[in-house]
Amino acid sequence: MSKGLTSRNEDYSQWYNELVTKADLAEHSAVRGCMVIKPYGYSIWEGMQAFLDKRFKETGHSNAYFPLFIPKSFFSKEASHVEGFATECAVVTHYRLKNDGNGNIIVDEDAKLEEELIVRPTSETIIWNTYRGWIQSYRDLPILVNQWSNVVRWEMRTRLFLRTTEFLWQEGHTAHATKQEAIEETERMLDVYADFAENVMAVPVIRGKKTETERFAGALDTYCIEALMQDGKALQAGTSHFLGQNFAKAFDVKFTNKEGKLDHVWATSWGVSTRLVGALIMAHSDDSGLVLPPKLAPIQVVIVPIHRSDEEFEKISAVANELISKLKSRNISVKYDDRDTQRPGFKFAEYELKGVPVRLAMGGRDLENGTIEIARRDTREKQTISRENLDEYIEKLLEEIQLSIYNKALNFRNENIREANCYDEFKQILDEKGGFIFAHWDGTVETEKKIKEETKATIRCIPLDNKQEEGVCIVTGKPSTQRVLFARAY
RNA sequence: CGGGAUGUAGCGUAGCCCGGUAUCGCGCCACAUUUGGGAUGUGGAGGCCGCAGGUUCGAAUCCUGCCAUCCCGACCA
């Protein structure tokens, strides 16, 4: 364990990279752009999966699994979809290797595939090709399926968790008899994501719709949740797409409706990825390391014994073990760090780096006084308290920490939403403060593009509950009926 | 994919210009003393100098190619 972390003020990017590796979440692999997710990082993802999977099932969905490979021809069937993904696809062209006689293993050119296979960047095409066989009547609908999988997108520039060539995610793909039902599903799942982000990850988000430019390739509407990171940049944390009948038409998926007429099926898709781990890190952590919300912390409580003799250690352990069983019966995950290979100070620093929400330390003094030292990671407050009803106290404290982390992020987010009434003010806010900016926009692709080129800011979304107000576009001066949300983003 | 930088022990580095198989710190191992915020001492182990070629009697060092990482751009739901 190395000392010291670059501070956020010094270099936010470097702070993030160091934190991910030093807290043992992930590391770069031998393959360009691909990461190894280490056990501690993976357990955070598992925690996210558990919460989301439960919510998906509560909202009527079932898990299934579709192939990693997609025949190339499937991609050409939905025009805007292929356009959106064509430039970042990994392609399998051969299925065999051979020895070239000089001891080198080479691709066997005789084993060329008739049709190339695309490593899925997303699964709409293979899934809708499959759904054709599943749907004949309105009685077969809706289909509410989710898949947990890996996907590959050949990105030019990658960053651990935030953008990797291969990443883990879930993708929901649903089929419906009516437009209305599909739109309701799209919005329902956006709410699931928003609720998860705020109540589990403790990250406040803004729900909205993407503009035409930022929309998913093949969607009629893309809904999203947008979060704000500590450096003032926005991060798209989840998307839910209303796909209309685009994929049903492309893959000829029709059904007979109640009136006996043939119609194309309505679709949605929605997903979140391991990028959420990156969001979690960037939203809460500080210069001492990770700050994890209790609901996602792999270890919620750590107990560090401090002893001068074996006898003292035995006594401390007896008290600790009793506490551990009480905490476990309250479903609190607890680790007793009885390693005698590291000193207490080392352990304190290590658990701070790893973001364990509550740390307990018990030594000879506490043993005599019936006390224990309790330290919370988020505020770094430390106090010595009585051990009476400690399990109950800790349970409440964990809830308080969860809430407190959320409120801190919420305050930060709210303090960093500003309104700009002219282009100069807009640019000034971007350069001096960052954050979200509400500004009037004339609704054209040209203006959106111009702003992006000149300032690197994009329209993150048009918030769902957006206030309607008369105004003029900050760039063209044309009339506008509402402000939209801009930011520089990851 | 374009511009820039970097790659030497697990990590961080010196050496490179001016060729002679490698410096220091942290970490690691052993023992002792320690243990309420990243311990101290003594001894020890650890290196295909990113990879592959080339030049040379000899390459970490010079040349070519490749790979990876970081920064800036382009790209990106």
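Computed from a predicted model, the values in this text were never measured in an experiment. A, B, ... follow the sequence lines: proteins, then strands. Residue 1 opens every chain.
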Kindly point out which of [options] is positioned nearest to the side chain of [X]?
| X | options | result |
| --- | --- | --- |
| Ala349(A) | rC1(B), rG38(B), rG36(B) | rG38(B) |
| Ala361(A) | rC72(B), rG36(B), rC75(B) | rG36(B) |
| Arg343(A) | rG73(B), rG36(B), rG38(B) | rG36(B) |
| Glu155(A) | rG38(B), rC76(B), rU69(B) | rC76(B) |
| Arg380(A) | rC75(B), rG37(B), rG36(B) | rG37(B) |
| Glu350(A) | rG38(B), rA74(B), rC70(B) | rG38(B) |
| Pro344(A) | rC76(B), rG38(B), rU35(B) | rU35(B) |
| Met156(A) | rC1(B), rU35(B), rC70(B) | rC1(B) |

Quiz item: Does the ring center of Phe75(A) lie less than 6.0 Å from the ring center of Phe85(A)?
Solution: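 Ring-ring flag for Phe75(A)/Phe85(A): false, centres at least 6.0 Å apart.
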Quiz item: Does the gap between the ring centers of Trp270(A) and Phe56(A) come in under 6.0 Å?
Solution: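 They qualify: ring centres under 6.0 Å apart.
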Hey, does [X] reach any base, or is it just sugar-phosphate, or nothing, if we go heavy atoms under 4.0 Å?
| X | value |
| --- | --- |
| Pro305(A) | nothing |
| Ala217(A) | nothing |
| Gly364(A) | base |
| Trp169(A) | base |
| Asp340(A) | nothing |
| Arg32(A) | sugar-phosphate |
| Gly33(A) | sugar-phosphate |
| Arg359(A) | base |

Let me know the distance between [atom1] of [X] and [atom2] of [N], rounded to the nearest Å.
| X | N | atom1 | atom2 | answer |
| --- | --- | --- | --- | --- |
| Lys452(A) | rA74(B) | NZ | C1' | 10 Å |
| Arg159(A) | rC76(B) | CZ | P | 19 Å |
| Lys449(A) | rC75(B) | NZ | C1' | 14 Å |
| Asn17(A) | rC11(B) | CG | C1' | 16 Å |
| Gln342(A) | rG27(B) | CD | C1' | 11 Å |
| Lys456(A) | rC76(B) | NZ | P | 16 Å |
| Glu18(A) | rC26(B) | CD | C1' | 15 Å |
| Ile306(A) | rU35(B) | CD1 | P | 11 Å |

Would you tell me if any nitrogen or oxygen in the side chain of [X] comes within less than 4.0 Å of OP1 or OP2 on [N]?
| X | N | value |
| --- | --- | --- |
| His307(A) | rG36(B) | no |
| Thr87(A) | rC76(B) | no |
| Arg157(A) | rC72(B) | yes |

Considering only the [atom1] atoms, how many Å lie between [N] and [M], rounded to the nearest integer?
| N | M | atom1 | answer |
| --- | --- | --- | --- |
| rG10(B) | rG50(B) | P | 13 Å |
| rC57(B) | rG3(B) | P | 36 Å |
| rG27(B) | rC11(B) | P | 15 Å |
| rG15(B) | rC49(B) | C1' | 11 Å |
| rG46(B) | rA9(B) | P | 15 Å |

Quiz item: Among Ile306(A), Thr384(A), Leu360(A), Val304(A), whose side-chain contact (heavy atoms from CB on, under 4.5 Å) with Glu373(A) holds?
Solution: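 When side-chain contact (heavy atoms from CB on, under 4.5 Å) is applied between Glu373(A) and each of Ile306(A), Thr384(A), Leu360(A), Val304(A), only Thr384(A) qualifies.
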Where does the angle between the aromatic ring planes of [X] and [Y] fall among parallel (under 30°), tilted (30 to 60°) and perpendicular (over 60°)?
| X | Y | answer |
| --- | --- | --- |
| Phe216(A) | His241(A) | parallel |
| Phe196(A) | Phe51(A) | tilted |
| Trp148(A) | Trp45(A) | perpendicular |

Exercise. Starting from Watson-Crick (N1-N3 plus N6-O4 or O6-N4) and G-U wobble pairs under 3.5 Å, report the runs of at least three that RNA chain B belongs to.
Key: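 When the pairs of RNA chain B are grouped into runs of at least three, the stems are B:1-7 with B:67-73, B:10-12 with B:24-26, B:28-33 with B:39-44, B:50-54 with B:62-66.
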Are [X] and [Y] close enough for a salt bridge, meaning some N to O gap below 4.0 Å?
| X | Y | value |
| --- | --- | --- |
| Glu350(A) | Lys347(A) | no |
| Glu454(A) | Lys450(A) | yes |
| Asp191(A) | Arg207(A) | yes |

Self-check item: Side-chain donor/acceptor contact of Glu352(A) with base of rG37(B) under 3.5 Å
Solution: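 Donor-acceptor pair under 3.5 Å: yes.
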Self-check item: Pair of N/O donor and acceptor under 3.5 Å linking rG36(B) base with Lys347(A) side chain
Solution: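 Flag unset: no donor-acceptor pair detected.
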Practice problem: Could you pull out all residues at least two apart from Asp11(A) that satisfy side-chain contact (heavy atoms from CB on, under 4.5 Å)? | Solution: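 Asp11(A) satisfies side-chain contact (heavy atoms from CB on, under 4.5 Å) with Thr6(A), Ser13(A), Gln14(A) only.
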Quiz item: His28(A) or Glu214(A): which one's nearest nucleotide on RNA chain B is closer to the 5' end?
Solution: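 This one resolves to His28(A).
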